There are 2 protein chains.
Amino acid sequence: MLNYSTSEENYIKAIFHLQRQDNTVTTNELANELKTKPASVTDMMKKLKIKKLLHYEPYQGFRLSIEGYKVALGIVRRHRLWEYFLAEKLKFTWDEVHEVAEDLEHVSNKKLIDKLDEFLGFPRVDPHGDPIPDAHGKIEISKKICLTDLPLNKVAVVSGVSNQSSEILELLEHKKINIGIKLEVKKRFEFDHSIEVRIGRQPAFTISKELAENIFVKYGS
Amino acid sequence: MLNYSTSEENYIKAIFHLQRQDNTVTTNELANELKTKPASVTDMMKKLKIKKLLHYEPYQGFRLSIEGYKVALGIVRRHRLWEYFLAEKLKFTWDEVHEVAEDLEHVSNKKLIDKLDEFLGFPRVDPHGDPIPDAHGKIEISKKICLTDLPLNKVAVVSGVSNQSSEILELLEHKKINIGIKLEVKKRFEFDHSIEVRIGRQPAFTISKELAENIFVKYGS
DNA sequence: TAAATATTTTAGATTTGTCTAAAAATATTT
DNA sequence: AAATATTTTTAGACAAATCTAAAATATTTA
């Protein structure tokens, strides 16, 4: 696997993430994501096309080639392992890890990353609940589902809330439900559709149907 | 403290190291150290002078300013903490850590480095026995002397070897002389200049003049 | 479907860090 | 102290990554 510049890696990674939602990525989308100008995106797309990392015809948008996808998985692996390290070992909070990992991910020494992986105990998800590709680029596809649909007794990671009003944030704060936290559903009550949730080994507590409908979790394939 | 590019940091660090031996650093010395061309050095020196990181007059060589020295200590701190992490936590051997730390040192997030320091238990020397500057840039000045010059019966800490060939490493491995180990010289033999060494309370053993000349120890303060 | 609007690309400039070749300054020899 | 050798700097070029402004293409709307 060749080496790519920090800038090339950032473009590849951004395309990787944007592709998840939409099959083909546009110039403006990417410029917006990377806080750069559309003209710069076009320049880089030409370069990455020559390097066979993506499929691209002028005005038609672009998507990663098989090779580009492999490169992206390598970057994502490094990013998520560092995030795990930062949260687990250095005690950064889940909302701080991303920014720091943005820099660390570009140190692309395979032995470093494989040894880090081993040191961390081969974690399968990062602090946001996103799966970490293994040394061979294998990645668990984790479904993002609503808390109301999580099977009983399956540990899942809170990965987002659909409604971001201050009211819901206040409630989540109070219940200590943060992004990245691991929880499982212990029981569902038919009467009001409230659900009983447990975080780690703490005592279970109940949350309303309304709240549950706004919480998304990721859980193993 | 401002941020500097990877390239600027590499120049600053190289000047820092070259200054130890010689008070003022020359263009050719620096070009040689960084495997670059003298013209590139001159270009960068002009830039670093404008940024007030060094004292420099054309044809007169250069040395770091107070500010440049502070910047250098920051880089050295990051480098040595990562070296310690790589050796202690990821089980790299002490001769592998330098190269990897060369990349990691340029991630200059103060909180990251301070938390890493804490995680590692505030180590005072790196795997080569070189002192690690603390969060305020304070660095222990420890005398590093050759084993041949260590006074008899004074306990010292092995801090480095000048020659890093696999032959010397094999021998050190066999004699169980590792970086960080405490030893003392019990006797010197005039005939072949071999010396008798003791590690802790184990039986003393003899090492050759050739080996002793390549072992550096930290002793007293 | 033609005009208006939005998106994308091109052309040309800029910054950073590097290089080669030639000129200038300094050091060393004879 | 003049000639020679070495070191350092300058001048000008180049590649990577970015930008602005203008041109080309695509999409929307009336």
Side-chain angles (χ1 to χ4, degrees), chain A residues 2-15 18-19 21-64 68 71-72 75 102-103 105-108, chain B residues 2-15 18-19 21-64 68 71-72 75 102-103 105-108:
Chain A
L2 293 171
N3 256 18
Y4 299 100
S5 72
T6 294
S7 194
E8 288 172 326
E9 288 192 346
N10 284 334
Y11 278 93
I12 294 165
K13 189 174 51 130
I15 297 168
L18 291 172
Q19 265 190 192
Q21 284 123 359
D22 212 348
N23 206 309
T24 160
V25 181
T26 70
T27 305
N28 267 0
E29 270 177 331
L30 195 46
N32 186 57
E33 175 82 8
L34 292 169
K35 274 142 197 179
T36 183
K37 296 290 175 289
S40 308
V41 171
T42 302
D43 288 344
M44 184 59 91
M45 293 307 98
K46 284 189 207 160
K47 202 169 130 186
L48 295 181
K49 184 189 176 169
I50 289 167
K51 296 193 180 189
K52 296 189 186 301
L53 296 177
L54 45 80
H55 302 291
Y56 161 58
E57 291 306 324
Y59 298 100
Q60 303 305 132
F62 22 80
R63 44 182 226 292
L64 294 175
V71 173
I75 302 163
E102 286 287 291
D103 290 332
E105 73 187 7
H106 300 296
V107 177
S108 64
Chain B
L2 293 170
N3 256 17
Y4 300 99
S5 73
T6 294
S7 195
E8 289 171 324
E9 288 192 345
N10 284 333
Y11 278 92
I12 294 165
K13 189 173 49 127
I15 298 168
L18 290 172
Q19 264 190 195
Q21 283 123 358
D22 210 351
N23 207 309
T24 159
V25 180
T26 70
T27 305
N28 268 0
E29 271 177 330
L30 194 46
N32 186 57
E33 174 81 7
L34 291 169
K35 273 139 198 184
T36 184
K37 297 291 177 288
S40 308
V41 171
T42 301
D43 288 345
M44 184 59 90
M45 293 307 98
K46 285 189 205 161
K47 202 169 129 186
L48 295 181
K49 185 189 176 170
I50 290 166
K51 296 192 178 190
K52 296 188 186 300
L53 296 176
L54 44 80
H55 302 291
Y56 162 58
E57 291 306 324
Y59 298 99
Q60 303 305 130
F62 22 81
R63 45 183 226 291
L64 295 175
V71 173
I75 302 164
E102 286 288 291
D103 290 331
E105 72 186 8
H106 300 296
V107 177
S108 64

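Everything numeric in this text was worked out from a predicted model, so none of it was measured.
A side-chain N or O of A:Asn10 and one of A:His106 form a donor-acceptor pair less than 3.5 Å apart.
We find that CD1 of A:Ile50 is positioned 13 Å from C1' of D:dA15, with the value rounded to whole Å. The CD-P distance, from A:Glu57 to C:dT9, rounds to 10 Å in whole Å. To the nearest angstrom, C1' of D:dA11 lies 10 Å from CG of B:Asp43. Between the P atom of D:dA16 and the CD atom of A:Glu9 lies a distance of 16 Å, rounded to the nearest Å. What separates CG of A:Leu34 from P of D:dT18 is a distance of 9 Å, to the nearest Å. Between the CG atom of A:Asn3 and the P atom of D:dA16 there is a distance of 15 Å, given to the nearest Å. At whole-Å resolution of the value, CD in B:Glu29 and P in D:dT7 are 11 Å apart. When rounded to the nearest whole Å, the span between NE2 of A:His106 and P of D:dA16 equals 18 Å.
Remark: A:Thr36 OG1 to A:Tyr11 OH distance equals 4.0 Å, nearest 0.5 Å. With values rounded to the nearest 0.5 angstrom, B:Asp43 atom CG is found 13.5 Å from B:Lys37 atom NZ. Taking OG1 from A:Thr6 and CD from A:Glu102, the interatomic distance works out to 11.0 Å, rounded to the nearest 0.5 Å. Within the model, atoms CD of A:Glu105 and NZ of A:Lys13 stand 3.5 Å from one another, a figure rounded to the nearest 0.5 Å.
For the pair A:Ile15 and A:Met45, the minimum side-chain heavy-atom distance is below 4.5 Å. Looking at A:Tyr59 and A:Thr27, their side chains never come closer than 4.5 Å, going by heavy atoms from C-beta outward. Side-chain contact between B:Leu18 and B:Phe62 is absent, with no heavy atoms from C-beta onward closer than 4.5 Å.
Of the candidate nucleotides D:dT8, C:dT9, D:dC19, D:dT8 has the atom nearest to the side chain of B:Thr26. The side chain of A:Asn28 lies closest to C:dT8 when the candidates are D:dT18, C:dT8, D:dT8. Checking D:dT18, C:dT18, D:dT9 against the side-chain heavy atoms of B:Met44 singles out C:dT18 as nearest. Nearest to the side-chain atoms of A:Thr36 among the listed nucleotides D:dC19, C:dT18, D:dT18 stands D:dC19.
Every stem involving DNA chain C, taken as at least 3 paired positions in a row under the Watson-Crick or G-U wobble test at 3.5 Å, is listed here: C:1-30 with D:1-30.
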Mind running side-chain contact (heavy atoms from CB on, under 4.5 Å) on B:Leu53 and B:Tyr4 for me, showing each step along the way? CA-CA 11 Å; B:Leu53 296 176; B:Tyr4 300 99; 3.6 Å; yes
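Using a 4.0 Å heavy-atom cutoff across all strands shown, A:Thr42 reaches at least one base atom of the nucleic acid. Within 4.0 Å (heavy atoms only), B:Tyr56 reaches sugar-phosphate atoms of the nucleic acid but no base atom.
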Can you check each nucleotide of nucleotides 20-27 of chain D against protein heavy atoms at under 4.0 Å and return B for base, S for sugar-phosphate only, - for none, in 5' to 3' order? B---BSS-
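Listed pair A:Tyr11 / D:dA16 fails the phosphate criterion, with no side-chain N or O lying under 4.0 Å from OP1 or OP2. Contact between the side-chain N/O atoms of A:Lys46 and the OP1/OP2 oxygens of C:dT9 is not found at any separation under 4.0 Å. An OP1 or OP2 oxygen of D:dT18 is reached within less than 4.0 angstrom by a side-chain nitrogen or oxygen of A:Ser7. Contact annotation: A:Thr27 side-chain N/O to C:dT9 OP1/OP2 distance is under 4.0 Å.
Side-chain atoms of A:Gln19 come within 3.5 Å of backbone N or O of A:Leu64 as a donor-acceptor pair.
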